[in-house]
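Counting begins at 1 with the first residue of the sequence. Bear in mind the structure is a predicted one, so any value in this text is a computation, not a measurement.
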Amino acid sequence: MKPYLTTLFFILSGIILFIGLQIDFRWNGIVSWGLSFVSLIFAVYFTKYIPNEKKKRKDHN
């Protein structure tokens with residue numbers, strides 16, 4: 001499940017920006033960009049769980 005969290009957080013970031021910028025209320029830009037930034041931070045964190053194909057090939061040889 002962890003390798004898929006990077007993609008999930010990237011998509012979530014886009015959804016937050018799309019929906020957040022459509023809604024018109026005070027401080028909307030700051031809130032939506034802030035939540036999107038936090039989501040991108042989590043996406044970057046979970047990239048370490050993406051399997052490395054080159055490393056697997058070297059281990060098998």
Side-chain angles (χ1 to χ4, degrees):
M1 179 67 185
K2 287 184 181 179
Y4 302 112
L5 287 176
T6 298
T7 306
L8 179 83
F9 279 116
F10 275 129
I11 292 170
L12 183 65
S13 174
I15 291 171
I16 289 171
L17 283 176
F18 181 75
I19 292 173
L21 295 177
Q22 299 296 321
I23 299 171
D24 187 30
F25 67 90
R26 193 174 202 170
W27 303 104
N28 183 32
I30 293 172
V31 171
S32 63
W33 279 103
L35 288 174
S36 179
F37 183 73
V38 169
S39 177
L40 289 174
I41 294 286
F42 279 117
V44 169
Y45 173 75
F46 283 110
T47 57
K48 69 180 182 180
Y49 294 110
I50 296 175
N52 189 353
E53 296 297 326
K54 291 180 182 178
K55 188 176 180 182
K56 285 183 181 179
R57 289 182 192 155
K58 286 182 181 178
D59 290 341
H60 290 295
N61 290 334

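Minimum interatomic distance between Ser39 and Phe9 (heavy atoms only, all atoms of both residues): OG-O, 2.8 Å. Pairing each heavy atom of Ile23 with each of Phe25, the nearest pair is CG2-CD2, 3.3 Å.
Taking CG of Leu40 as the reference point, atom CH2 of Trp33 lies at 9.0 Å (rounded to 0.5 Å). Atom CG in Asn28 sits 11.5 Å away from atom CD1 in Ile19 (nearest 0.5 Å). One finds the CD1 atom of Ile15 at 14.0 Å from the CZ atom of Phe10 (value rounded to the nearest 0.5 Å). From Thr7, atom OG1 reaches atom CG of Leu12 across 12.0 Å, with rounding to the nearest 0.5 Å. Here CD1 of Ile16 is found 12.0 Å from CD1 of Ile11. Values are rounded to the nearest 0.5 Å.
When hydrophobic clusters are built by joining Ile, Leu, Val, Met, Phe, Trp and Tyr residues whose side-chain heavy atoms come closer than 4.5 Å, directly or via intermediates, Leu35 is grouped together with Val38. Connection of Val44 to Phe42 is not established within any shared hydrophobic cluster, with ILVMFWY side chains joined at heavy-atom distances below 4.5 Å, either directly or through further cluster members.
Side chain of Ser32 to backbone of Leu17: no donor-acceptor contact under 3.5 angstrom is found.
In this structure, Tyr49 and Tyr45 have perpendicular ring planes: the angle between them is above 60°, well past the 30° mark.
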